[in-house]
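First up is the structure itself, then whatever we jot down about it.
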Amino acid sequence: MSKHIVTVAVAALLVVAASALTRIPLKRGLPLAKALRKDQPRIERTLRVGDNDVVIHDLMNAQFYGPISIGTPAQQFQVVYDTGSSNLWIPAKTCGASCLLKPRYDSSASSTYVANGTAFNIMYGSGPVSGFESNDVVNLGDQQVTSQVFAQITNASGLGLAFDVAPWDGIMGLAWPSISVTGATPVFFNLITQNPSMQQVFSIALPDASGTNGVMDIGGIDTAHYTGDLVNVSLTEETYWQSTFASLTVGTTAIVSTSTRMVIDSGTSLIVGPTTIVAQIAAQIGATEIMAGKYTVSCLAVPYLPTIQFNVGGVQWSLSGSDYVINDEDVECILGIAGMDLPEPITGLWILGDVFMRKVFTVFDVQNKQVRLAYMKQ
Ligand SMILES: *[C@@H]1O[C@H](CO)[C@@H](O)[C@H](O)[C@H]1NC(C)=O
Ligand SMILES: *[C@@H]1O[C@H](CO)[C@@H](O)[C@H](O)[C@H]1NC(C)=O
Ligand SMILES: *[C@@H]1O[C@H](CO)[C@@H](O)[C@H](O)[C@H]1NC(C)=O
């Protein structure tokens, strides 16, 4: 082969690689400010810890969600893309009153369905969700995963009215296989196994508070989402997308100056940290506690609030007052950092949810066991 032909072949490969990126449009559920209102029905998210589901007092109603389809011919669902869990679940045809307003998966209408039957249970803040595992093809944008084990939910009554009014039907977990409730391999991990040439990354770009549409890219990184260079941060565990931050400062005051465990979690709206430390942050910025771990600030003060910085991967990631305060029509301004003490073995863990992610574009890199961060291009 001549050198010229080799060059052409390499160029062709690069074109294929670029076009292999799969884009999933994400829509926002309730605006966060609205979801935080006390009178709003709520679904409180949980994190899997060992064999238990620990309730994080944070809302799934405000999550970003997008399309997925299951079966042959394809049956469509809207799911929350959640980097803090590892299972896929959607409502079953046999799910009764609690799924009445939802599209429901009909296995008898799918030629690729294979029964499994393993019981599936997840406890959310508002109650349990139960069903059984099944096996079918799953389509994610233009990508297809065969033999995917997922749960059909037969009883979602534990989620109450909030589930009926939520614009999404189920949850697709994007964390590591080790925290999969039934041991079923998560969708993304089956996808990369079945597509060995695919780049083993996905990334999430959430819009700022005023925007409604986000994007998840699979199998490639689109430089249009961010500014500057991506900063590599090695994972410390392959459970959630877990690593550490070196310090946390409010203005010029160091609040945390030792290496501290954190996860980047698209399924949590706020930033969540230990109660005593969040209380120190609140004191620094003059916030008032309104419920355990939840704080408000004067809306008039927001432009003058100090910057909060997390040092991750040797870089200070700065959030300004308008980034970390959720302004509900200038009536109430809620601190987007909530205090909560998590049990062993995740005591002291911070959860960097959407309040962090809408400022910081995140690449979830399975191949190199790292997250890669850069400021979002606004
Ligand atoms: C559905 O789950 C709820 C708990 O959230 C339980 O009280 C109820 O009995 C279950 N319904 C059925 C039909 O199993
Ligand atoms: C059901 O799925 C689980 C998780 O992938 C697997 O371990 C189990 O063998 C499957 N059971 C059947 C009966 O196919
Ligand atoms: C970050 O990780 C990517 C993917 O492994 C690698 O190509 C790049 O060289 C790394 N950057 C630095 C500065 O180490």
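Whatever order the structure lists ligands and atoms in, that order sets their numbers, starting from 1.
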Per side chain to side chain contact (heavy atoms under 4.5 Å, CB included), Met262 is matched among Val312, Leu248, Thr244 by Val312
Got a sec: does the CD of Glu329 have more than 12 other heavy atoms crowding it under 6.0 Å? no
Exactly one of Ile285, Thr307, Ile271 should register a side chain to side chain contact (heavy atoms under 4.5 Å, CB included) with Tyr324. Which one does? Ile285
4.0 Å protein heavy-atom contact status of atom 2 (O) of ligand 2, strictly under: yes
Thr112 and Asp136: side-chain hydrogen bond (donor to acceptor under 3.5 Å, both in side chains), yes or no, with the steps? CA-CA 6 Å; Thr112 40; Asp136 207 335; 2.6 Å; yes
Within-shell test, Ala184 vs ligand 2, heavy atom, strictly < 4.0 Å: yes
Would you say atom 7 (O) of ligand 2 makes contact with the protein, given that contact here means a non-hydrogen protein atom less than 4.0 Å away? no
Quick one: does Ser157 get a heavy atom under 4.0 Å from ligand 1? yes
Check: Asp58 main-chain N/O paired with Glu44 side-chain donor or acceptor under 3.5 Å: yes
Specify side chain, backbone, both or neither for Gln370, according to which of its non-hydrogen atoms lie closer than 4.0 Å to ligand 3. side chain
Report the part of Asn116 in contact with ligand 2, treating N, CA, C, O as backbone and CB onward as side chain, heavy atoms under 4.0 Å; options are side chain, backbone, both, neither. both
So the atoms of ligand 2 within less than 4.0 Å of a heavy atom of Thr118 turn out to be 1 (C)
Arg48 side-chain N/O to Thr239 backbone N/O, donor-acceptor pair under 3.5 Å: no
Considering only heavy atoms of Gly158, which atoms of ligand 1 have at least one such atom less than 4.0 Å away? 5 (O)
With respect to Tyr375, which candidate in Trp317, Phe361, Tyr226 satisfies the ring-ring contact (aromatic ring centres under 6.0 Å, His included) definition? Trp317
Please report which non-hydrogen protein atom sits nearest to atom 5 (O) of ligand 3, along with the residue it belongs to and the distance in Å to one decimal place. Asn368 ND2, 3.0 Å
For Pro128, atoms of ligand 1 separated by under 4.0 Å from a heavy atom: 4 (C), 5 (O)
N/O donor-acceptor pair under 3.5 Å between Asp222 side chain and Ala224 backbone: yes
If we ignore hydrogens and angles and just use 3.5 Å, is the side chain of Gln194 paired with the main-chain N or O of Thr146 as donor and acceptor? yes
Could you tell me, atom by atom, which parts of ligand 1 come under 4.0 Å of a heavy atom of Asn155? 1 (C), 2 (O), 3 (C), 8 (C), 10 (C), 11 (N), 12 (C), 14 (O)
Judged by non-hydrogen atoms, does Gln367 sit under 4.0 Å from ligand 3? no
For atom 12 (C) of ligand 3, which candidate among Asn232, Val233, Val201 provides the closest heavy atom? Asn232
